[in-house]
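Structure record follows, encoded as structure tokens.
It should be emphasised that the depicted structure is a prediction, and the values quoted were computed from it without experimental measurement. Both counts, for ligands and for their atoms, begin at 1 and track the order of listing.
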Amino acid sequence: MPALHDVVAALDEELRTREIPDYGGAVNGLQLANRGRVDGVAVAVDFSRAAIAGAIAEGASLLVVHHGMFWPGVQPIVGPAYERLRLLLDHDVAVYASHLPLDAHPMLGNNVRLAAELGLVPNAGFARYKTIDVGVTGEADVDTATLAERARAFASTWGGELRTTPIAPGRRTRRWAICTGAGASSDTLREASERGIDTLVVGEGPHHTAVEAVERDVVVVYAGHYATETLGVRALGAWLEARFGTGWAFVGEPTGL
Ligand SMILES: [Zn+2]
């Protein structure tokens, strides 16, 4: 049974947790300790009571999530927040979170994994954030509607529904980019436009991005925030098993978004 300390050190090193910048609420790394041993791992997209219950049901002592405990910001530990913490402490479950480090990882990352799911091969980074590229880009020659259908099949596997901006009949995707999660923004659309990207695959984005996309002649494929971020935590679960021999389970809790 590996020590929590060793598992955390290996995760921090592999994910470059201390080097990769992120948003304030991400708090990447170990977010809650346990008594010090890891005898099973559960992975989930979102930190939630359902994820904790799933981890406990699986007998896990480490819960690895993409969206961690502190997304809602500073709040009193009362009500649902108290219930979550009480469950974790009662069952000795530690929590490790990895947001942008997991999005951007070259092998385990949500973005490279989604590219593979869609039959695309990246050749560069995309979606600059401070010192890193969160997403990926590459070249292809595929019917855009066909690519969207691949994304639709993927999204439906995870309880999501695909949306796209209008796709003209016969349109082809020659340069694409992927940014999972909340990947559509004025910034990513501007970057897509500047780099000659014709198709942008994301999890979700605000309504105005669909308007901007048409004017920039970029098709945006919204494949679901949840669906597009199931890939990294599952890859990380398998990586932990290979490294430490700890069994792992994915706790699925689709948000529908
Ligand atoms: Zn996300």
Side-chain angles (χ1 to χ4, degrees), residues 11 15-17 20-29 31 42-52 54 63-73 75 84 95-118 122 125-130 132-137 151 154-163 177-189 191-192 200-210 220-237 250-257:
L11 285 169
L15 294 163
R16 298 171 58 220
T17 299
I20 294 201
D22 211 324
Y23 302 94
V27 194
N28 293 311
Q31 296 193 327
V43 304
V45 175
D46 300 293
F47 176 74
S48 67
R49 183 155 65 183
I52 297 164
L63 172 61
V64 177
V65 292
H66 184 55
H67 304 130
M69 300 173 72
F70 304 107
W71 274 111
Q75 56 175 307
R84 291 195 292 262
V95 178
Y96 187 99
S98 190
H99 182 240
L100 292 188
L102 187 54
D103 281 325
H105 191 280
M107 296 295 292
L108 308 171
N110 285 314
N111 288 278
V112 290
R113 294 270 166 165
L114 182 57
E117 288 282 336
L118 300 178
F126 176 78
R128 196 77 186 155
Y129 176 74
K130 296 185 179 175
I132 61 161
D133 288 319
V134 177
V136 289
T137 180
F154 171 78
S156 68
T157 307
W158 300 103
E161 278 178 37
L162 193 88
R163 290 180 177 78
I178 291 176
C179 189
T180 58
S185 67
S186 294
D187 286 345
T188 53
L189 280 166
E191 184 179 343
L200 175 60
V201 181
V202 300
E204 63 166 338
H207 179 257
H208 68 81
T209 59
V220 183
V221 175
Y222 304 88
H225 194 136
Y226 179 84
T228 59
E229 296 189 333
T230 53
L231 297 159
V233 288
R234 287 161 57 229
L236 207 46
F250 174 67
V251 182
E253 193 65 21
T255 57
L257 296 176

Between CZ of Arg16 and CD1 of Ile132, what distance do you get to the nearest 0.5 Å? 8.0 Å
Applying salt bridge (Lys or Arg N to Asp or Glu O under 4.0 Å) to Asp46 and not counting sequence neighbours gives none
Side chain Arg113, main chain Met107, donor-acceptor under 3.5 Å: yes
Would you confirm whether Tyr23, through its side chain, and Trp71, through its main-chain N or O, come within 3.5 Å as a donor-acceptor pair? no
For the Zn ion (ligand 1), which protein N/O/S atoms are closer than 2.8 Å? His67 NE2, His225 NE2, Glu229 OE1
Closest non-hydrogen contact found for Gln31 with Met69 is OE1-N, 2.8 Å
Side chain to side chain contact (heavy atoms under 4.5 Å, CB included) between Thr188 and Thr209, worked out: CA-CA 9 Å; Thr188 53; Thr209 59; over 6 Å; no
